[in-house]
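Just below is one structure, and these are the notes that go with it.
Numbered from 1 within each chain, the chains take letters A, B, ... in sequence-line order.
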Protein chains: 2
Amino acid sequence: MDDIDRKLVNILCADGRTSYAELARQVGLTPPSVQDRVAKLERTGVIVGYRAVADPAKIGLNVTAAIGIGTQSGREYAQIASEFEKIDEIESCYFVAGRESYLIKVRVPDMSDLQDLLERIGAIPGVAETRTTIAITTHWEGRPQEVKDRELTHGNRRPKLIRRSRMGQLGGFHR
Amino acid sequence: MDDIDRKLVNILCADGRTSYAELARQVGLTPPSVQDRVAKLERTGVIVGYRAVADPAKIGLNVTAAIGIGTQSGREYAQIASEFEKIDEIESCYFVAGRESYLIKVRVPDMSDLQDLLERIGAIPGVAETRTTIAITTHWEGRPQEVKDRELTHGNRRPKLIRRSRMGQLGGFHR
DNA sequence: CATGAAAAGAACTCCTT
DNA sequence: AAGGAGTTCTTTTCATG
C-alpha cells in the first residue's frame with residue numbers, strides 16, 4: 001500500500017467505473033501497471049467490490065429508518081444476526097455497544113411496510129425491544145472516506161503528529 | 001421503468017463494473033440497447049453513481065459509530081447540517097424524527113479520533129448533546145436492495161396484494 | 001514492479017427498422 | 001425503442017528492462 005495505491009482506492013471509491021486508462025493518466029502509470037495494482041487491491045481485500053448507487057426514492061424505497069434492537073440476556077448473539085440476515089430490508093447490521101445490542105438500517109417503500117417489518121423483527125426469538133428512528137431528510141449517505149497515508153494496511157501505524165487536512169464536500173452523490 | 005430496467009439496476013447494484021456486453025446477455029438485448037437504457041437510468045437519476053467499496057479496516061478506519069445529535073430549539077436545521085458537511089468523517093447524515101434531531105454515521109481510525117471528532121461536533125453552534133453508539137461487529141453494510149416490480153418510479157403504486165418473496169443473502173460483500 | 005507493443009474485446013456513434 | 005455495422009478506445013496478455 002503506497003501513495004499510488006491509496007490514490008487508486010480514492011479515485012475508485014469516488015467513481016467505481018473509472019477505466020484503467022483513466023486511472024493510469026491520473027496516477028502517472030501505464031494501464032497494465034494500474035490493472036496489476038487494482039487486481040492486487042481486490043485480491044487482498046482492500047477493494048471488496050463495486051456497486052451502482054441507486055436513488056432509493058426512485059426505486060420506490062421512500063422510508064429509511066435506523067432501528068436499535070435490545071435483546072434478552074442469555075441469547076446467542078450470532079443466531080439473532082443470522083435471523084436478521086434473512087430480512088432483505090435490512091441494508092446494514094451492526095452489533096453495538098450502547099443502549100441496544102444491535103443497530104440496523106432499513107429501507108422500505110412506505111410506513112405500512114415499516115410496521116410490517118417491525119412486527120417481523122419483534123417476532124424473532126431473543127429480540128426484546130426495538131427503538132425506531134425515522135429519517136426525514138437524508139442529507140447524504142455513503143460518502144467515500146479519503147484514504148490517508150497514516151492509515152496503513154495493518155497495525156504498523158505511525159504516531160499522530162499533525163491533524164490531517166480536511167477535504168471539502170458537496171451535496172448529493174459525493175465525489 | 002420496465003422489468004428490464006429493474007433488472008439492469010439490480011445487476012449494477014450488485015456489481016457496478018458489469019460490462020454492457022454482459023448486461024446485454026443477462027437481459028436478452030444487444031449492447032447498444034442496454035447502453036441506451038443505462039444512460040437513461042443515469043440521466044433520470046435512478047442510478048446516481050458508481051463506487052468501489054473499500055474494506056474500512058484495510059484502509060485504517062477501525063471504528064464505526066452512529067451518533068445521535070440533539071439540537072437547541074430555535075436553531076436553523078439546515079445550517080447545522082452544512083456544518084456537518086464540512087466534517088469528512090461523517091459518512092452519512094440524516095435529519096430524523098425520534099429521540100434526537102440528527103443521526104450521523106462516522107468512521108475514524110481509532111478511539112482517540114472519535115473523541116476528537118465528538119469534541120468538534122460538540123463545538124458546533126446549536127448542537128446540544130450527542131449520544132454515541134459504537135459498532136463492535138459490522139455484520140454487513142450497504143447490502144443492495146432488490147428493485148421489485150411494485151416499486152414504481154413515482155406515486156403510481158398498485159395496491160399490495162401479496163407479501164413478496166425474500167432473497168437469501170450471505171456475509172461480507174453481498175451480491 | 002513498470003513498460004511497450006500487439007491482439008482481443010468492449011464501448012460508442014450512426015443509421016435503419 | 002431495438003438491432004446491426006463500423007470506428008474508436010480500452011482491456012488484456014506477454015515479452016522485456
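Side chain of B/D15 to main chain of B/L12: no donor-acceptor pair is present (N/O by atom type, distance under 3.5 Å, no hydrogens or angles). In this structure a side-chain-to-backbone donor-acceptor pair under 3.5 Å is present from A/K58 to B/T44. A donor-acceptor contact shorter than 3.5 Å is absent between the side chain of A/N62 and the backbone of A/D110.
Counting only residues at least two apart or on different chains, the ring-ring contact (aromatic ring centres under 6.0 Å, His included) pairs with a member in residues 60-88 of chain A are A/Y77-A/F95, A/F84-A/Y102.
Counting 5' to 3', DNA chain D first comes under 4.0 angstrom of a heavy atom of chain B and last does so at the ends given by D/dA1 to D/dA5.
Distance CD1/A/I4 to CZ/A/R6: 10.5 Å, rounded to 0.5 Å.
With sequence neighbours left out, B/R99 forms a salt bridge (charged side-chain N to carboxylate O under 4.0 Å, His left out) with no residue at all. Residues meeting the salt bridge (charged side-chain N to carboxylate O under 4.0 Å, His left out) test with B/R131, sequence neighbours left out: B/E100.
A heavy atom closer than 4.0 Å to some atom of DNA chain C occurs in A/L29, A/T30, A/P32, A/S33, these being the qualifying members of residues 21-34 of chain A.
Considering only side-chain N and O atoms, B/Q35 lies nowhere under 4.0 angstrom from the phosphate OP1 or OP2 of C/dA11.
Put simply, the side chain of A/C93 does not reach to within 4.5 Å of the side chain of A/E85, judged on heavy atoms.
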Legend entry - Pairing pattern in dot-bracket form [Watson-Crick, G-U; both distances under 3.5 Å; | = partner strand] for DNA chain D: ||||||||||.|||||.
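B/L61 and A/Y94 are assigned to two separate hydrophobic clusters, defined by single-linkage of ILVMFWY side chains at heavy-atom distances under 4.5 Å.
Between B/E22 and B/Q26, the side chains place a donor N or O and an acceptor N or O closer than 3.5 Å (distance only, hydrogens not considered).
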